[in-house]
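Per chain, numbering begins at 1; letters A, B, ... match sequence-line order. Everything numeric in this text was worked out from a predicted model, so none of it was measured.
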Amino acid sequence: MALEMVSETPQKSPILLSMQNINKAFAGIPALSSASLEVGFGEVHALIGQNGAGKSTMIKVLTGYVKSDTGAISFDGSPFEARSPQDAQRQGISTIYQEINLVPFRSITENICLGREQRRYGLLNWAAMHEEAQKLMARFNIKIDVRKPLYEFNTATQQMVAIARAIGFKAKLVIMDEPTSSLDEREVSVLFDVIRQLKHSGISVIFVSHKLDELYQVCDRVTIMRDGRTVKVGELQSISKIELVASMLGRDVVQVAKSATAFGKRSGKIGETVLVASNLSAGHKVQDVSFSVKSGEIVGLAGLLGAGRTESARLVFGADARRGGEMSLGGQSHHPRDPIEAIARGIGFSSEDRKVEGIIPDMSVAENLTLALMPQLTKVGIVDEQKQLVIVEKFIKRLGVKCNGPDQRIRELSGGNQQKVLLARWLAMNPKLVILDEPTRGIDVGAKAEIQLLIKELANDGLGVLMISSELEEVIEGSDRVFVLREGRSVAELSGKQITEAAVMAAMAHGETEQAL
Amino acid sequence: MSDVATDTHKLAKSFDATQFLTKYSTVLALLALVIFNLIFTKHFISVQTLNVNLTQVATIVIVGVGMTLVIATGGIDLSVGSMMAISGAIAPLIFLGTAVHISEIHLSVAVAMIVAVTTAGAFGWFNGWLITHFRIQPIIATLVLFIAGRGIAQVSTNGNLQPFKLGEFQWIGLGRWLGVPVQVVIMIALVAIAAWVLRRSLFGRQILAIGGNEQAARLSGIPVARVKRWVYCISGLCSGIAGLVVIAINSSSDANLVGLGMELDAIAAVAVGGTLLSGGRATVTGTLVGALIIQLVRYTLLSNGVPDDVAKLVKAALIVLAVWLQRQSRA
């Protein structure tokens, strides 16, 4: 099967990297089955697939993070095996991860030169290293003081430092694992310029991303994986977006083509006001934010990164301390000191960061699902396991969580299924209001549609939903009302037909819509 | 899709041998040690051997129970030895009548025990308060009492050695119940209770959730600070009980020596037993097995003529092995 695909694809450039027939199983469960990947010199190659398709395992095999069971890798004309990511880096393969793995409290120079410091007379030659760092950063048109510690800079700059570091190591292949997930639009375009520069200087890039639009902007070819196999390889320009999605899902094109999101038409009735927040302020990021949510209503909070959306939502949940402003819940004053109080009043909060603030990786699906419900599931301090099982099985079925059973560890599930369990954690306690912060971030297309449908159903059943999403179409198609935040202030409230891409973007950018609210 | 699921399920089944080995590695190691001794060590099968070994580990395991809970939350308690010394110093002050005089001896002993253990528990609570209220790292917060605790014990006894011979008290270290040493009975009872709490109770679930992901636990409405304070308090209570056992065995209380180095023995037992040192996964019975392994290795080496210094090296090697095994099963 692999051979057939190779012959289909026209070979413009000679091959830099070739991975063939890669097999890898974890505890007997196959993660890769005869997967293959080929990248040419100076090529930007997209690697896509749903969560659990095998992309990350493929990259881990390549960079020596895990060892494949069988398979052959050749790199730059000779057989290749990396014993560790460091070893891979020495041999010319650098990886830029989603979470940047640099040393925050050291200077940019040190981060770039770490591991290959220049010495003179047995001492570190700082002048030469600063100059080198400055030169590397200048390649990306970034003029900054390389002596300053890394943590003072934003994510985008830190990412550039990681890339500069890779180039400093004379990388021939740079792997970028969802590099744009925490960047705003302007930063993304800078990153893409850098990627094009890399390409021009003959460096190849493997680009892993869930955002399909981006692929068409920078990538030459694409490899699509599903269930541990390579299912499609080809020139990106000759494959439509719908075809990409269809291959990833293993479904036919017509099914997928209907709509960008799964929200569609709403049928439920919008009821009484559940939450009113007025003139909230906290920390640096929330200056003056007001919004409200009615029962049966999906309210979207829109805004650029750093506009204060998450920070405002956390105040409603009592996760952070409030400085000023008023909140009321169901007509009563609502100023929770901690999440315990908010939960007791029927508020659920699903965090944007599933790994850091959501799952408890070593606990089972059942234990994760019932975490917020524990007080109701215990009598004199003892967990009622029968009752727990009934609830867990009900929600696994209702949300379509794919797992081996309630006792499977949640860390073994795909991102989309983890997210479903976390949603169930809040739904199980039958809340009045749920705050969903980036409910579909970093999960595959299929699970995304399922979760969007679920959110819609929940609202139809009378639940108030406060939804934060960086994906504009999700906010626009999903919300009944949208509040736009800009630099810590709520600048616009849009409802019904007013919710258009143009209006929301205008408010995000300038602070006012055409209607000038 | 369901076909795929059952397929992978079958594959997982066929690999159970490896999983079984990693899961029960500690128990298997203990069995191997027992079998080795049955063959090579003379007079190994005797009630006396059993009692000697169990008595040796009892205090380590009693402290280890509290330590397991602390480590399960992602913390550590370095002050257990000092809290043993405090408890060991306070009890004789009462039952010898130095501090307060109670004429009825049983009452006096009971008050002594309760006050001593409660005081240790209060110091444990103080550890938890430092950690949660000031957000001090557990290793630093408990270092405070590690250093100061022994001083407190010495000051309260004016640095005097307190010798005694008092059957009404010393049953806790020297007595037997149905032929089993009393401290072994206490040890088994505590292990059983703690194992049950960790598996079945809300408190146990909360402990493991905090150790597994403290942020997520907080955002799920778990009272993180309260649970932590209780856990350190329990560690103090366990240390208090162990302190009483030690002075009962010694027939004297020396604030300089009671519980010296106990923190390391307890942590070693927890580590060898298979509890994850970063928190979130814990086994109290594992701690019991871990302590038995360490003890039995030492016993085996000593009774086969290997010097004690070499035995210590082997103990260190065991800990390294245990931690390595943990990393393997996690990968």
Residue selection (most heavy-atom pairs with chain B, distance under 4.5 Å) from Asp353(A), Ile340(A), Asp384(A) | Ile340(A)

Heavy-atom pairs under 4.5 Å with chain B, option from Ile343(A), Val380(A), Leu371(A) with the top count = Leu371(A)

Is atom CG of Leu321(B) surrounded by more than 12 heavy atoms (other residues, nucleotides or ligands) closer than 6.0 Å?
-> yes

Between Gly280(B), Ala217(B), Ala209(B), the one whose heavy-atom pairs under 4.5 Å with chain A are most numerous | Ala209(B)

Can you say whether Gln408(A) sits under 4.5 Å from chain B via the side chain, the backbone, both, or neither, judging by heavy atoms?
-> neither

Arg200(B), Gln215(B), Arg205(B): which one forms the most heavy-atom pairs within less than 4.5 Å of chain A?
-> Arg205(B)

Nearest 0.5 Å, what's the CD1-CG distance between Ile222(B) and Asp338(A)?
-> 12.5 Å

Between Gln388(A), Glu341(A), Arg314(A), the one whose heavy-atom pairs under 4.5 Å with chain B are most numerous = Gln388(A)

With sequence neighbours excluded, what pairs up with His335(A) under the ring pair (Phe, Tyr, Trp, His ring centres under 6.0 Å) test?
-> none

Spatial distance of atom NZ (Lys355(A)) from atom CG (Asn213(B)) [nearest 0.5 Å] | 12.0 Å

Go through the steps for Leu202(B) and Ile382(A) under the test side-chain contact (heavy atoms from CB on, under 4.5 Å), then give the verdict.
-> CA-CA 6 Å; Leu202(B) 172 65; Ile382(A) 301 160; over 6 Å; no

For the pair Phe203(B) and Val383(A), evaluate side-chain contact (heavy atoms from CB on, under 4.5 Å) and give the outcome as yes or no after the intermediate values.
-> CA-CA 9 Å; Phe203(B) 185 57; Val383(A) 180; over 6 Å; no

Taking the side chain from Arg218(B) and the backbone from Ala319(A), do they hold a donor-acceptor pair closer than 3.5 Å?
-> yes

If you take all heavy atoms of Pro361(A) and Gly212(B), which pair is closest and at what distance?
-> CD-O, 3.9 Å

Which residues from residues 424-437 of chain A are near chain B, with near meaning under 4.5 Å between non-hydrogen atoms?
-> Arg425(A), Trp426(A)

Nearest 0.5 Å, what's the CG-OG distance between Leu422(A) and Ser220(B)?
-> 8.0 Å

If one checks every heavy atom of Met363(A) against chain B at 4.5 Å, the contacting part turns out to be side chain

Chain B heavy atoms under 4.5 Å from Thr370(A): which part of the residue, side chain, backbone, both or neither?
-> side chain

Where Leu219(B) and Phe349(A) come nearest, the two heavy atoms and their spacing = CD1-CE2, 4.2 Å

For the atom pair CG (Leu208(B)) and CD (Glu367(A)), what is the distance rounded to the nearest 0.5 Å?
-> 7.5 Å

Contact origin within Glu385(A) toward chain B - heavy atom pairs under 4.5 Å | side chain

Just give me the residue among Ala344(A), Ser351(A), Ala372(A) that pairs up with chain B most often, heavy atom to heavy atom, under 4.5 Å.
-> Ala372(A)

Under 4.5 Å from any heavy atom of chain B - which part of Ile359(A) = backbone

